[in-house]
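In what follows, a structure is listed as structure tokens, so that the remarks can point back to it.
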Amino acid sequence: MQTYISGIAAQEGKSATLKGWLYNIRSGGKIRFLLVRDGTGIIQCVASQADVGEETFELIDTLTQESSIEVTGTVRADKRAPGGYELVMTKLELVGRAADYPITPKEHGTAFLMENRHLWVRSRRQAAILRVRHEIVRAIRDFFDDRGFVLFDTPIFTPAACEGTSTLFETDYFGEKAYLTQSGQLYAESGAMALGKVYCFGPTFRAEKSKTRRHLIEFWMVEPEVAYLDLDGDMELAEDFVFYVVEQVLANRREELDIIERDTSPLEKIKKPFPRISYTECVDILNKAGHPFQWGNDLGGDEETIVSSQFESPVMVHHFPAEIKAFYMKNDPQDERLALGFDMLAPEGKGEIIGGGQREDDYDMLVKKIQAHNLPLEAFDWYLDLRKYGTVPHAGFGLGLERTVGWICGLSHVRETIPFPRMLHRLKP
RNA sequence: UCCGGAGUAGCUCAAUCGGCAGAGCGGGUGGCUGUUAACCACUAGGUUGGGGGUUCGAGUCCCUCCUCCGGAGCCA
């Protein structure tokens, strides 16, 4: 029977068999200390020649880093062991010998580690980050599922741009041009008209030659869309949602945050309601902070950092100038220059994690906007149908998973937040 | 695409003014019964990113190309 290291404390004083890999080894004259990992944790296994016999003892000395092994022994609490428990070995079985594992227990550069990403994920820190990612994904699903949202999967292959601005990956679809999706939102809107409250959660693709710590070519986005919801309701949903995700990670992944050495106090300070400031107020804040900024420009990375650093909770900036926002966003009936959209900026200068808002629900207005953005009307005939057959006010938003993981884990770069990041000039492994 | 930085042993990095290419880790061999990225001794390991040029002599200076890193724009 196999025991997992995560549950080793319950086996104290008893016999256990661990199946894993050799993380590191240290030796004394007739004693060996094997650090064994099994994916759930790391434990020190102690072998003395007297306990395991000469043959096994010699086998231990031939083991290389990351060789796969099965070890049997007695679990014992010992202060000298990292983690507080160790396995006093009686038996060892070599499953697969590893040859010259490239990632040594020493410092490496990120370029080298990215080349070896398929092996880097075995390291303690990377594994912890990926566990937090999983927790965030679970919290996202639970949040929407518990509130009666229906998962509405949207297509990866699309016939045209969702937003004219970004560059798309073009593929050959049996002789026809098709593009990899950059958002499931337009399709999710159709879902909201059918099922009321929906969300889509999948990969999206942006062929922009972005080369910063916040960008990936392929990233995951969750996009809820709700019928009969306005901008205020949308922001409330986003606030409840992000708060829940942070709460769940703090409740369930303390150990991993500890391994990553994340200072959790900024996360613990987050409370509802999140600050809401209009774009126009935002311009004032920037100018008062000594950062000249003109009304009408879009917020860049520096601006986001200045604004978000004024608050402990994520801040929602709303009512942007309509000109700098996408065609599908509804204009403010009080002031046509403004769009009923919002961005949520994460604290600690981590930038935009959510973009969303109320959608244009008037048929004629939408036609005008599509034309104004120089987009082909015929590609959006089905989207316009949603306004033709029982249109309603509706809203939604998109949350970038990797940026959220990066913020919650306190990472400076999104490349460590996904098992195999696709970046400019990196398609392998 | 633009701006800046970097390519030297498997990895992380040194190499003075242009003058014999080195260290730590990792590998190998040996030693040590409580190690904590263990330690000690010995040992193997190089087309200095590619190409061209200057020079008696180039890792070092010049030209060019390639790769990677950081940032900008764009965005979640």
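Below, read A as the first sequence line, B as the second, and so on, with proteins coming before strands; counting in each chain starts at 1.
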Item to check | Pairwise 5' ranking along RNA chain B for A:Pro82 and A:Phe112, keeping only the more 5' one | outcome: A:Phe112

Checklist outcome for this item: When rounded to whole Å, the CD1 to P distance for the pair A:Ile217 and B:C74 reads 16 Å

Next on the checklist: Once hydrogens and angles are ignored, does a donor-acceptor distance under 3.5 Å link the base of B:U35 to the side chain of A:Gln44?
Outcome noted: yes

Checklist entry - Closest to the A:Leu216 side chain: B:U35, B:A76, B:C69? => result B:A76

Item to check | Salt bridge A:Asp343-A:Lys325, side-chain N to carboxylate O under 4.0 Å | outcome: yes

Next on the checklist: Could you check, using the six-membered ring where one of them is a Trp, whether A:Phe144 and A:Phe241 have ring centers closer than 6.0 angstrom?
Outcome noted: yes

Item to check | A:Phe33 over B:G34, stacked by centroid distance under 5.5 Å, angle under 30° | outcome: no

Item to check | Selected nucleotide, minimal atom distance to A:Ala111 side chain, candidates B:A76, B:C68, B:U35 | outcome: B:C68

Item to check | Whole-Å P distance, B:U67 and B:G50 | outcome: 15 Å

Checklist entry - Hey, are A:Arg37 and A:Glu66 close enough for a salt bridge, meaning a charged N less than 4.0 Å from a carboxylate O? => result yes

Checklist entry - Base, sugar-phosphate, or nothing for A:Glu86, non-hydrogen atoms under 4.0 angstrom? => result base

Next on the checklist: Let's test this: given Watson-Crick or G-U wobble pairing with both distances under 3.5 Å, identify the partner of B:A41.
Outcome noted: B:U29

Next on the checklist: So if I take every side-chain heavy atom of A:Ser27 and compare against B:A76, B:C32, B:G26, which nucleotide ends up nearest?
Outcome noted: B:C32

Item to check | Candidate nucleotides B:G34, B:G70, B:A76, ranked by approach to the side chain of A:Glu352 - the nearest | outcome: B:A76

Next on the checklist: How many whole angstroms separate atom CG of A:Leu424 from atom P of B:C74?
Outcome noted: 17 Å

Item to check | Expected output: side-chain A:Glu304 to main-chain A:Glu352 donor-acceptor under 3.5 Å | outcome: yes

Checklist entry - Starting at the 5' end of RNA chain B and moving along, which residue's nearest nucleotide shows up first, A:Gly28 or A:His108? => result A:His108

Next on the checklist: Using a 4.0 Å heavy-atom cut-off, does A:Pro102 contact any base of the nucleic acid, only the sugar-phosphate backbone, or nothing at all?
Outcome noted: nothing

Item to check | Parallel, tilted or perpendicular, as decided by the 30° and 60° cut-offs, for the rings of A:Phe293 and A:Tyr279 | outcome: perpendicular

Checklist entry - Can you tell me if A:Glu416 and A:Gln126 form a side-chain donor-acceptor pair at under 3.5 Å? => result yes

Next on the checklist: Mind checking if A:Gly109 touches a base, just sugar-phosphate, or nothing, with heavy atoms under 4.0 Å?
Outcome noted: sugar-phosphate

Next on the checklist: Say we look at B:G5 and B:C40: how far apart would their P atoms be, to the nearest angstrom?
Outcome noted: 39 Å

Checklist entry - Partner of B:A76 by Watson-Crick or G-U wobble geometry, both contacts under 3.5 Å, or none? => result none

Next on the checklist: Tell me whether the side-chain N/O atoms of A:His413 come closer than 4.0 Å to OP1 or OP2 in B:G70.
Outcome noted: yes

Next on the checklist: For a quick check of understanding: with a heavy-atom distance under 4.0 Å over all strands, which category does A:Arg76 fall into, base, sugar-phosphate or nothing?
Outcome noted: base

Checklist entry - Watson-Crick or G-U wobble partner for B:A58, using a 3.5 Å limit on both distances? => result none

Checklist entry - B:A58 and B:U47: how far apart are their C1' atoms, nearest whole angstrom? => result 15 Å

Checklist entry - Of the nucleotides B:C32, B:A72, B:A76, which one has an atom closest to the side chain of A:Lys30? => result B:C32

Checklist entry - For atom C1', what is the distance between B:G10 and B:G46, given to the nearest Å? => result 12 Å

Checklist entry - In whole Å, what separates the P atom of B:U43 from that of B:C25? => result 15 Å

Checklist entry - Between the base of B:G27 and the side chain of A:Gln65, is there any donor-acceptor pair under 3.5 Å? => result no

Next on the checklist: Would the base of B:C75 count as contacting A:Arg403 through its side chain, where contact means a donor and an acceptor less than 3.5 Å apart?
Outcome noted: yes

Checklist entry - Side-chain N or O of A:Arg426 less than 4.0 angstrom from OP1 or OP2 on B:U67? => result no

Next on the checklist: For a quick check of understanding: with a heavy-atom distance under 4.0 Å over all strands, which category does A:Asp298 fall into, base, sugar-phosphate or nothing?
Outcome noted: sugar-phosphate

Item to check | For atom CD of A:Glu115 and atom P of B:U67, their distance in whole Å | outcome: 13 Å

Checklist outcome for this item: B:C11 -> Watson-Crick or G-U wobble partner, both distances under 3.5 Å, gives B:G24

Checklist entry - Mind checking the C1' distance from B:C75 to B:U16? Whole angstroms is fine. => result 48 Å

Checklist entry - What nucleic acid atoms does A:Arg124 come within less than 4.0 Å of, heavy atoms only: base, sugar-phosphate, or nothing? => result nothing

Checklist entry - How are the rings of A:Phe274 and A:Phe243 set relative to one another: parallel (under 30°), tilted (30 to 60°) or perpendicular (over 60°)? => result tilted

Checklist entry - How far does the C1' atom of B:C42 sit from the matching atom of B:A15, given to the nearest Å? => result 25 Å

Next on the checklist: Output the rounded distance in Å from CD (A:Gln182) to P (B:A76).
Outcome noted: 9 Å

Next on the checklist: Whether A:Arg415 contacts B:G70 is assessed here as follows: a side-chain N or O lying under 4.0 Å from the phosphate OP1 or OP2. Is that the case?
Outcome noted: yes

Next on the checklist: Looking at B:G4, which nucleotide sits across from it as a Watson-Crick or G-U wobble partner, both distances under 3.5 angstrom, or is there none?
Outcome noted: B:C69

Checklist entry - Does A:His215 make a side-chain donor-acceptor contact with the base of B:C75, cut-off 3.5 Å? => result yes

Checklist entry - Counting only distance, no hydrogens or angles, is the base of B:G73 paired donor-acceptor with the side chain of A:Arg214 under 3.5 Å? => result no

Checklist entry - Distance between the P atoms of B:U48 and B:G59, in whole angstroms? => result 7 Å

Checklist entry - Looking at the rings of A:Tyr187 and A:Trp382, which for Trp means the six-membered one, are their centres under 6.0 Å apart? => result yes

